[in-house]
Amino acid sequence: MRIGERIRRIEEAEKLDQAVAVVKRMVDRVPEGRLRDVLHGVQLGHPAHPLLVQVPIGVWTSALLLDLMPGARRPARVLVNVGLLAAVPAALAGAVDWSRMRRRHQRVGIVHAAANDVGILLFGASSLARARGRDGLGRALAMAGMGAVGLGGMLGAHIAYYRTGGANHADHLVDLLPSGWHGIGRITDFPDGKAARADLGDVPLAVVRRDRDVHVLVGTCAHMGGPLFEGEVDGDCLRCPWHGSAFRTADGVVAHGPATAAQQALEVSVHDGAVSVRRPPRLG
Ligand code: FES
């Protein structure tokens with residue numbers, strides 16, 4: 001059986017649901033707001049978790065290489081400890097992303113986290129062994145830890161790539177937007193202060209009108225594909241009904257996560273009450 005098929009069996013494992021529910025309740029205690037946005041990567045406009053995991057993986061890999069060299073005991077131990085410190089924000093960022101994913105992502109994600117936790121424990125034990133002068137044991141524990149982290153990384157890659165858990169779920173729609181101006185209705189077709197749906201070819205749009213001011217975003221949420229046109233207008237933002245990501249209606253920039261990718265905004269023209277939109281020409 002191919003390895004991808006084995007991982008897909010984890011997606012179907014209902015027995016993981018209890019553990020998912022327990023951990024999700026704990027992660028949901030991280031309040032909505034700035035801390036959660038930082039952990040998602042909203043301010044970066046890029047998911048933070050895949051950036052943060054580079055540090056522990058990088059320094060632990062370097063420690064293993066130093067273990068092969070004579071006279072590098074001390075720097076190897078320092079790198080093991082740096083990795084342990086760096087694993088904390090990486091794990092927190094992954095946990096808040098995971099808490100806003102689909103069930104099949106979460107089943108694989110809980111095994112991904114467990115493998116990484118085993119890896120962290122093994123590197124922690126390696127650090128203790130090295131501190132007590134038992135360098136041979138420290139090296140063996142670090143190698144075992146790297147194996148666990150490697151398994152965890154493979155499961156994380158499955159969530160991110162196979163199941164597009166961290167991808168922009170609206171990006172393909174940008175390519176389906178036809179070029180040139182297209183009418184989408186009369187301004188009175190769109191309720192004042194609320195989101196409404198229009199369609200441009202195969203692309204759903206979220207239209208937000210405030211008096212004579214009309215803003216139009218691609219209507220499928222970049223985070224997980226939620227129906228943004230059913231969202232709630234909140235100040236100058238449109239909030240997704242699925243997980244609450246807030247996008248500025250004027251330009252689609254993310255004001256609050258879990259989304260980190262901006263929602264594509266269309267150019268809008270209103271003439272004699274007729275609303276027209278076009279895909280921004282700079283997109284090519
Ligand atoms: S689908 Fe998750 S916030 Fe929109």
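By convention here, the first residue in the shown sequence is residue 1. Just follow the structure's listing: the first ligand is 1, and inside any ligand the first atom is 1.
Taking backbone and side-chain atoms together, H223 has no N/O/S atom less than 2.8 Å away from atom 4 (Fe) of ligand 1.
Heavy-atom contacts from other residues, nucleotides or ligands closer than 6.0 Å to CZ of R103 number more than 12.
Considering E11, H112, H105, R163 as possible partners of H158, the one that fulfils the side-chain hydrogen bond (donor to acceptor under 3.5 Å, both in side chains) test is E11.
Taking a cut-off of under 4.0 Å to the non-hydrogen atoms of S245, the atoms of ligand 1 that pass are 3 (S). The distance from ligand 1 to the heavy atoms of G226 drops below 4.0 Å at these ligand atoms: 1 (S). Here is the list of ligand 1 atoms found below 4.0 Å of a heavy atom in M224: 1 (S). Within the listing of ligand 1, atoms 1 (S), 3 (S), 4 (Fe) sit less than 4.0 angstrom from a heavy atom of C240. Less than 4.0 angstrom separates some heavy atom of H243 from each of these atoms of ligand 1: 1 (S), 2 (Fe), 3 (S). The atoms of ligand 1 that sit less than 4.0 Å from any heavy atom of C221 are 1 (S), 3 (S), 4 (Fe). Here is the list of ligand 1 atoms found below 4.0 Å of a heavy atom in W242: 1 (S).
Side-chain atoms of H223 and H243 form a donor-acceptor pair, as typed in the model, at a separation below 3.5 Å. Between the side chains of R210 and T249, a donor-acceptor pair is found at a separation under 3.5 Å.
Taking a cutoff of 4.0 Å between a charged side-chain nitrogen and a carboxylate oxygen, E32 and R100 qualify as a salt bridge.
Under the 4.5 Å side-chain criterion, counting only non-hydrogen atoms from C-beta, V216 is in contact with I184.
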